[in-house]
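Side-chain atoms are counted along with the backbone in the values below, which use heavy atoms only and exclude waters and symmetry mates. Reminder, nothing fancy here: chain letters follow the sequence lines and each chain counts from 1.
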Amino acid sequence: MEMQKTYNPKDFEDKLYAEWTEKNYFRAEADPSKIPFTIVIPPPNITGQLHLGHALDNTIIDALIRFKRMQGYSALYLPGCDHASIATEVKIVEQMKKEGLTKQDVGREEFLRRAWEWKDKFGGRIVEQLKKMGVSADWSRLAFTMDERCSKAVREVFVNLYEKGLIYRGDRIINWCPSCKTALSDAEVEYSEDASFFWHLKYPVKDSSESIIVATTRPETMLGDTAVAVNPKDKRYEHMVGKTLVLPLVGREIPVVADEYVDMEFGSGAVKITPAHDPNDFEVGLRHGLEVIRVMNDDGTMNENAGKAYEGMDHFAAREKIVEDLKAAGALVKIEPHSHNVGHCYRCHSTVEPIVSKQWFVKMAPLAKPAIDAVVRNKIHFTPERFSKIYYNWMEGIKDWCISRQLWWGHRIPVWYCADCGETIVSKTDPDACPHCGSKNLRQDEDVLDTWFSSALWPFSTLGYPDKTEDFDYFYPTDVLSCGYDIIFFWVARMIFSGIEHTGKVPFRDVLLHGIVRDEQGRKMSKSLGNGIDPLEVIDEYGADSLRFALISGVAPGNDSRYSRAKVEAMRNFMNKIWNASRFVIMNAEGADVPDIREVKLSAADKWIVSRLESCIKEVTLNMGKFELGIAAGALYDFMWSDFCDWYIELSKAPLYGDSPEKKRAALAVLCFVLKNALKLLHPFVPFITEEIYGNLPGVTGSIMISDFPRYDSKLAYKKEAKAFEGVMDIIKTVRNMKTSVNCPPSKKVKLFLASPMKRLVSANAAAIMKLAGVGSIGFVESAADVGERVLSQVIENCTVFVPLGELVDIEKEKVRLAAELERVEGEIRRADGKLQNRGFIEKAPKNLVDAERAKLDKFIEMKEKIERQLQEL
RNA sequence: GGAGGCAUAGCUCAGUUGGUUAGAGCGCUCGCUUCACAUGCGAGAGGUCGUAGGUUCGAGUCCUACUGUCUCUACCA
């Protein structure tokens, strides 16, 4: 088959993916003769399309999966999507708004119909995007958080937790989004420093001329005040404690209480207490038995408790009016600018109102303890390690998890209330009648569960839990969990305690965290900035492999990275390089009989590249194991481009186009051997191009994705030979350098003279030296004088290089250059000598390092002598 | 308030348990119609590794403080 001159991924990416799918290569079997290796996808939200963060996620995971699959594991990449309760619901509400409809207009049933329609559309789109990326996921196991399997797990878990007393319902302060009209968990609130004001209010003491001043950032909540608190140690207010105040505008009589919570240094040292609308005040209220008066409705408007003047007003409007009225009543002391942290809904960004509400909660303390333990005892390991500290920090201070949401899209809470006897029924299956009174008049809880409640079960709900399925037995616990560090709390932590609690096992052994993919200027990609990148567009322009390699190279675990078109372009160039190198090999191998490298006599250059390949195998394998994919990718980039293309392919041209059939056979054998193995090493990162080329290699059958990953072979390491051959390479580099330094065109052939003990090696590689350095003849001499012309000379390890360049040589310039060189070498001698003079170094450093340093010193001393001789001869 | 990250070439970043003369890509300079590739080839310039101490035979790497910067987290009304 003819290969195109340039790499054109569109010619084969889709075709190969279809072939892989058709041949069922992605399917992982519960095969007892193999070791399982499992990763579950961080399920993308069905709210929209994939972005570069997903692309990074999936590149990392797919690389690990393909690597393990090639190593003989039964590698399962389990794909799926998340229903993303609140996020999707927001989208659907928006969509309906365009039609002039609200949730209430269409009703629950129709709303859910629309949501499923949305799911089918976007879920399908996400799957297509993942396929474009080349992800080798087992689509036969495609999961969705609201499918039957996962929903069954949700009910199982809810009921079990309830029965263990770990789920309860109660009135607590929660975060309320007035726009989404639902409760939010603490994790779903984002704080930002907003400019606002501090309103100082004066509350008079009953039947007295005294008053107390309090400051607030939310004056409208004063309607719900049921006390004023001061610090018990505060001398200023000692006499006030126990007195009664008259709440302005309302006229309610409220006590002054003493509570440690109050910071004497802050504000006036007196705090108005609104138990219904502030988490701290709620706690104070509990301690002092204060009344809880809600003055706001769920939609953020004031309710009847706020009084007729404000009822029905939005709280922001009410705020203005209340401030006006307070001012008129003489209760407003002053207003000062103040910036403070305000919570916002993570989906719609409205200001979150803390309010008292009846919600379902998960009791966290008993769940957090074993989850912390699992990481402490290294049953789960974080990469990078530092994230375990962040995990501990959060887990140790965790509060109960509010799991009920006043939404429709999601898992409906499996709780029913009997209208006749008031019984609460919590059940895995829908009950027909009240077990207490037999009434059929049951009403299911209206609310759904936090979307993260089902995500928390993902590693086992997708594998069949609670049923004891073959998949569950074989693939669970999973091996690696890879995702961005931004969802440690939302997801990773919750999977850990859920896995331990419900399956008795940690859900995965390794957590591999990556950073955020930012834009070229280092900004987060976001809708509002319009700086998001669609992976599909990048793939369309450069191919999936280029994108994958760009995302993964130069990136360390846990570190943020920047996306730039230039980076992708550079990697596209690398793909083109691989493509053309392969084209070179295949063209030369065409029609020839390519032997195994063990059947041919290897040249020094051959042994060198094979040696380089072996160390590359070692480095890639090692770093894949440590999740250092960036390092592995970098090693491959260097090996492929520098070692294989720039050096070996050029070196191979001499035997390839020479007149010895034996040497040609050997070179061909090595070219094919090295290329084939390099492609295998590259395959986990760039699956398409490697598969396409692999199929064109002579004598190769089958797919690269199910071939064996290369194993380091010490018999092919050729350490000594490789090192020796580097001497030849140094000669070539030196000659090139010399020619450039006198503006001699590379194509102009020069005569080369060497004073070298490596005479045999040089002679054996004369053809390569002549070709790569642009040399016409090679001679051996003792010193520059033997050449008999004006020469440039350069002392390198084991060798002095002389190139007669006649008139081009400027003696004075040459003297300066040599003097500089001498200085450098002398510097090295001082450094090495200093080290060796140091008794501590000799005694404490490893012996091989000391020996190496001695050898180095000898080498530099020899070089110094030679350079001095050159200078003398000039 | 608490915690964590980052600071290395003009730019973007690697640098594995401390150990050769600190690397890459992009950019820059010079030279190349070399029969795989100009999405290329060769040569080169460019860094006292944020500052100050410390540990060590040895520090870009470990410790402490400081400066700058980013992020997470938290109940200061």
- Message: Tell me whether A:Glu797 is salt-bridged to A:Lys859, with the criterion being a basic N under 4.0 Å from an acidic carboxylate O.
- Response: yes
- Task: Round to a whole Å and report the spacing from NZ of A:Lys272 to P of B:rC75.
- Result: 18 Å
- Query: Where along residues 389-402 of chain A does a heavy atom come under 4.0 Å from RNA chain B, residue by residue in number order?
  - Reply: A:Asn393, A:Lys399
- Query: Taking C-beta and beyond as the side chain, do A:Leu547 and A:Tyr542 meet within less than 4.5 Å on heavy atoms?
  - Reply: no
- Please check the phosphate of B:rC76 (OP1 and OP2 only) for any side-chain N or O of A:Tyr191 closer than 4.0 Å. no
- Taking only residues two or more places apart in sequence or in another chain, which ones pass side-chain hydrogen bond (donor to acceptor under 3.5 Å, both in side chains) with A:Asn743? none
So which protein N/O to nucleotides 17-19 of chain B N/O distances come out below 3.5 Å?
none

- Task: Among residues two or more places apart or on two chains, list those pairs meeting salt bridge (Lys or Arg N to Asp or Glu O under 4.0 Å) that have a residue in residues 263-286 of chain A.
- Result: A:Asp225-A:Lys272
- Task: For nucleotides 37-42 of chain B, just jot down a letter per nucleotide in 5' to 3' order: B, S or -, based on protein non-hydrogen atoms under 4.0 Å.
- Result: BSBSSS
- Message: Output the rounded distance in Å from CE (A:Met575) to C1' (B:rA36).
- Response: 16 Å
- Could you tell me which residues satisfy side-chain hydrogen bond (donor to acceptor under 3.5 Å, both in side chains) with A:Asn393, sequence neighbours excluded, listed by chain and number? none
Using distance only, find each side-chain donor-acceptor pair of residues 626-639 of chain A under 3.5 Å and give its atom names and separation, not counting sequence neighbours.
none

Listed pairs, N/O of protein and of nucleotides 12-15 of chain B, under 3.5 Å:
{"unit_1": "B:rU12", "atom_1": "O3'", "unit_2": "A:Arg562", "atom_2": "NE", "d": "3.2"}
{"unit_1": "B:rC13", "atom_1": "OP1", "unit_2": "A:Arg562", "atom_2": "NE", "d": "3.2"}
{"unit_1": "B:rC13", "atom_1": "O2'", "unit_2": "A:Gly554", "atom_2": "O", "d": "2.9"}
{"unit_1": "B:rA14", "atom_1": "OP1", "unit_2": "A:Asn559", "atom_2": "ND2", "d": "2.8"}

- Message: If the condition is ring pair (Phe, Tyr, Trp, His ring centres under 6.0 Å), which residues does A:Trp176 pass it with, not counting sequence neighbours?
- Response: none
- Is A:His338 touching bases, backbone alone, or none of the nucleic acid, heavy atoms closer than 4.0 Å? sugar-phosphate
- Note on the structure: Pairs under 3.5 Å (Watson-Crick or G-U), crossing ones as [ ], inter-strand ones as |: RNA chain B comes out as (((((((..((((.....[...)))).(((((.......))))).....(((((..]....))))))))))))....
- Query: Does B:rC76 have OP1 or OP2 sitting under 4.0 Å from an N or O in the side chain of A:His340?
  - Reply: no
- Message: Among residues at least two apart in sequence or on other chains, which ones pass ring pair (Phe, Tyr, Trp, His ring centres under 6.0 Å) with A:Phe197?
- Response: A:Trp199
- For A:Lys739 and B:rA43, what is the distance between atoms NZ and P respectively, to the nearest whole Å? 12 Å
- CD1 of A:Ile488 versus C1' of B:rC72: gap in Å, rounded? 9 Å
- Item | C1' gap between B:rG23 and B:rG15, integer Å | 7 Å
- For A:Phe198, ring pair (Phe, Tyr, Trp, His ring centres under 6.0 Å) partners two or more places apart: A:His200, A:Phe266, A:His338
